[in-house]
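The block underneath contains the structure these notes are about, expressed in structure tokens.
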Amino acid sequence: MWLFGRKGPSGFSSSSTAEEVTQGIDGTGLTAIVTGASSGIGTETARVLALRGVHVIMGVRNVAAGRDVKEAIVKEIPTAKVDTMELDLSSIASVRKFAADFSSSGHPLNLLINNAGIMATPFMLSKDNIELQFATNHIGHFLLTNLLLDTMKKAARTSKREGRIINVSSEAHRYTYKEGIHFDKINDQSGYSNFAAYGQSKLANVLHANELAKRLKEDGVDITANSLHPGAIVTNLFRHMGPISGLVNIFGKIALKNIQQGAATTCYVALHPQVKGRSGEYFKDSNIGQASAHGRNVELAKKLWDFSMKMVK
């Protein structure tokens with residue numbers, strides 16, 4: 001519980017806010033993509049990065065909501081550089097279009113923040129016939145990252161500044177199916193559990209970052225890849241959870257992080273100099289944490305990479 005949050009080695013704790021962990025850091029000249037930036041911690045991440053001088057591109061499914069967020073940020077921070085682009089991570093076609101449009105815009109890309117997510121939804125298939133939580137939370141971000149990697153490599157070379165890829169995972173990655181990833185039953189409704197499927201998608205975020213970190217290191221590229229747990233936060237992620245949603249809104253104000261605290265670890269990993277050169281790590285409360293045994297399984301990460309590659313092709 002964050003009320004009792006002690007500071008870790010970084011000097012920050014679970015009660016630190018996104019503004020606090022980036023105090024005094026100048027992000028001028030950096031460009032970031034933040035997915036799912038039209039609500040919750042995605043909005044706060046976009047706002048704080050813009051506050052620190054970063055040019056933020058918000059990848060949003062709801063363009064009208066994204067425009068409202070952009071206007072609110074610019075009203076508060078007149079110097080903010082914020083753009084919105086349509087992105088539906090549950091659709092492979094939408095991800096491909098977003099990446100193509102971004103690449104043709106000529107913008108560099110230094111920070112990719114894979115933040116968007118859905119939680120504990122009833123069983124549904126995406127437009128591409130992939131279980132919706134796995135499609136949105138993992139496959140969409142996996143493809144987006146691959147499509148933008150050349151742009152990030154170019155930016156790292158020309159700017160001489162480290163690129164950073166950040167997957168917003170969750171401690172829920174510990175509560176997945178027994179074998180970690182249901183490779184042969186991804187779209188199987190009969191064995192579906194909305195919570196285990198969420199945990200599976202969040203485990204995939206951790207494994208994706210770890211395997212990507214390994215590959216980037218082997219390529220000798222100045223880009224890191226990490227995953228993180230933002231904390232238990234009162235956001236609209238709980239909307240599919242019926243009575244629990246009401247309890248969260250009542251008790252969450254006491255026991256859970258607020259949005260400003262919830263976006264802290266993302267902003268810390270995105271901008272803080274302490275994180276320079278750190279790759280393949282799992283962060284929580286703006287400190288290095290430890291993922292589950294599944295999350296640290298190198299073979300599972302490689303298997304997921306190959307499996308995901310087949311799905312996006």
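Nothing fancy with the numbering, it's 1 onward along the sequence.
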Cluster check Leu271, Phe283: I/L/V/M/F/W/Y, side chain < 4.5 angstrom: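 Yes, because Leu271 and Phe283 connect within a single hydrophobic cluster, where side-chain heavy atoms sit under 4.5 Å apart.
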
Verify same cluster id: Val74, Ile77 (apolar side-chain graph, 4.5 Å):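 Different clusters: Val74 never reaches Ile77 through Ile, Leu, Val, Met, Phe, Trp or Tyr contacts under 4.5 Å.
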
Under a 4.5 Å cut-off applied to non-hydrogen side-chain atoms, are [X] and [Y] in contact?
X: Ile186; Y: Ile181; result: yes
X: His229; Y: Thr265; result: no
X: Asp150; Y: Lys153; result: yes
X: Leu144; Y: Leu87; result: yes
X: Leu300; Y: Phe183; result: yes
X: Pro9; Y: Asn287; result: yes
X: Leu149; Y: Ile165; result: yes
X: Ile33; Y: Met152; result: no

Taking [atom1] in [X] as the centre, count heavy atoms belonging to other residues, nucleotides or ligands within less than 6.0 Å. Is the count above 12?
X: Phe307; atom1: CZ; answer: yes
X: Arg161; atom1: CZ; answer: yes
X: Lys81; atom1: NZ; answer: no

Distance-only polar pair, side chains of [X] and [Y], donor-acceptor under 3.5 Å:
X: Asn114; Y: Thr145; result: yes
X: His294; Y: Thr176; result: no
X: Asn137; Y: Ser201; result: yes
X: His208; Y: Asn167; result: yes

side-chain contact (heavy atoms from CB on, under 4.5 Å) evaluation trace for Val54 with Asn110: CA-CA 10 Å; Val54 178; Asn110 311 94; over 6 Å; no

Identify the two heavy atoms, one from [X] and one from [Y], that lie closest to each other, and give their separation to 0.1 Å.
X: Phe98; Y: Gly59; value: CE1-CA, 4.0 Å
X: Thr43; Y: Ala37; value: OG1-O, 2.8 Å
X: Phe102; Y: Pro108; value: CZ-O, 3.5 Å
X: Gly40; Y: Ile259; value: O-CG2, 3.6 Å
X: Leu112; Y: Leu148; value: CD1-CD1, 4.2 Å
X: Ser10; Y: Tyr268; value: CB-OH, 3.5 Å

Side-chain polar contacts of residues 16-24 - donor-acceptor pairs under 3.5 angstrom, sequence neighbours left out - could you list them?
from	atom 1	to	atom 2	distance (Å)
Ser16	OG	Ser13	N	2.9
Ser16	OG	Ser13	O	3.3
Thr17	OG1	Glu20	N	3.2
Glu19	OE2	Arg47	NH1	3.1
Glu19	OE2	Arg47	NH2	2.7
Glu20	OE1	Thr17	N	2.9
Thr22	OG1	Ala18	O	2.8
Thr22	OG1	Glu19	O	3.3
Thr22	OG1	Arg52	NE	2.9
Thr22	OG1	Arg52	NH2	3.4

Summary of ring pair (Phe, Tyr, Trp, His ring centres under 6.0 Å) pairs that have at least one residue in residues 37-82, sequence neighbours excluded: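 Non-adjacent pairs meeting ring pair (Phe, Tyr, Trp, His ring centres under 6.0 Å): His55-His107.
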
From CA spacing to verdict: side-chain contact (heavy atoms from CB on, under 4.5 Å), Asp128, Ile139: CA-CA 11 Å; Asp128 305 293; Ile139 290 294; over 6 Å; no

Distance check, rounded to the nearest 0.5 Å: [X] atom [atom1] versus [Y] atom [atom2]?
X: Leu228; Y: Thr266; atom1: CG; atom2: OG1; answer: 4.5 Å
X: Glu86; Y: Lys97; atom1: CD; atom2: NZ; answer: 7.5 Å
X: Arg174; Y: Ser169; atom1: CZ; atom2: OG; answer: 9.5 Å
X: Thr31; Y: Ile57; atom1: OG1; atom2: CD1; answer: 5.5 Å
X: Arg157; Y: Ile223; atom1: CZ; atom2: CD1; answer: 9.0 Å
X: Ser227; Y: Leu203; atom1: OG; atom2: CG; answer: 9.5 Å

N/O donor-acceptor pair under 3.5 Å between [X] side chain and [Y] backbone:
X: Asn226; Y: Gly280; result: yes
X: Glu131; Y: Asp188; result: no
X: Ser104; Y: Asp101; result: yes

Audit row: Met58, Val34, side-chain contact (heavy atoms from CB on, under 4.5 Å) steps and yes/no: CA-CA 5 Å; Met58 306 192 309; Val34 182; 5.5 Å; no

Audit row: Lys302, Asp306, salt bridge (charged side-chain N to carboxylate O under 4.0 Å, His left out) steps and yes/no: CA-CA 6 Å; Lys302 172 75 170 67; Asp306 295 340; 2.7 Å; yes

Centroid-centroid distance, Tyr282 to His173, less than 6.0 Å: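 Tyr282 vs His173: aromatic centres under 6.0 Å.
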
Test log, rule side-chain contact (heavy atoms from CB on, under 4.5 Å), inputs Asn146 and Met309: CA-CA 10 Å; Asn146 279 4; Met309 273 299 204; 3.4 Å; yes

Ring pair (Phe, Tyr, Trp, His ring centres under 6.0 Å) between Phe12 and His272, intermediate numbers included: CA-CA 12 Å; Phe12 302 114; His272 209 285; 5.7 Å; yes

Ring geometry between Phe142 and His138 (parallel below 30°, tilted from 30 to 60°, perpendicular above 60°):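 His138 and Phe142: tilted rings.
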
Pairing of Glu211 and Arg215 as salt bridge, 4.0 angstrom limit: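 Salt bridge: yes.
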
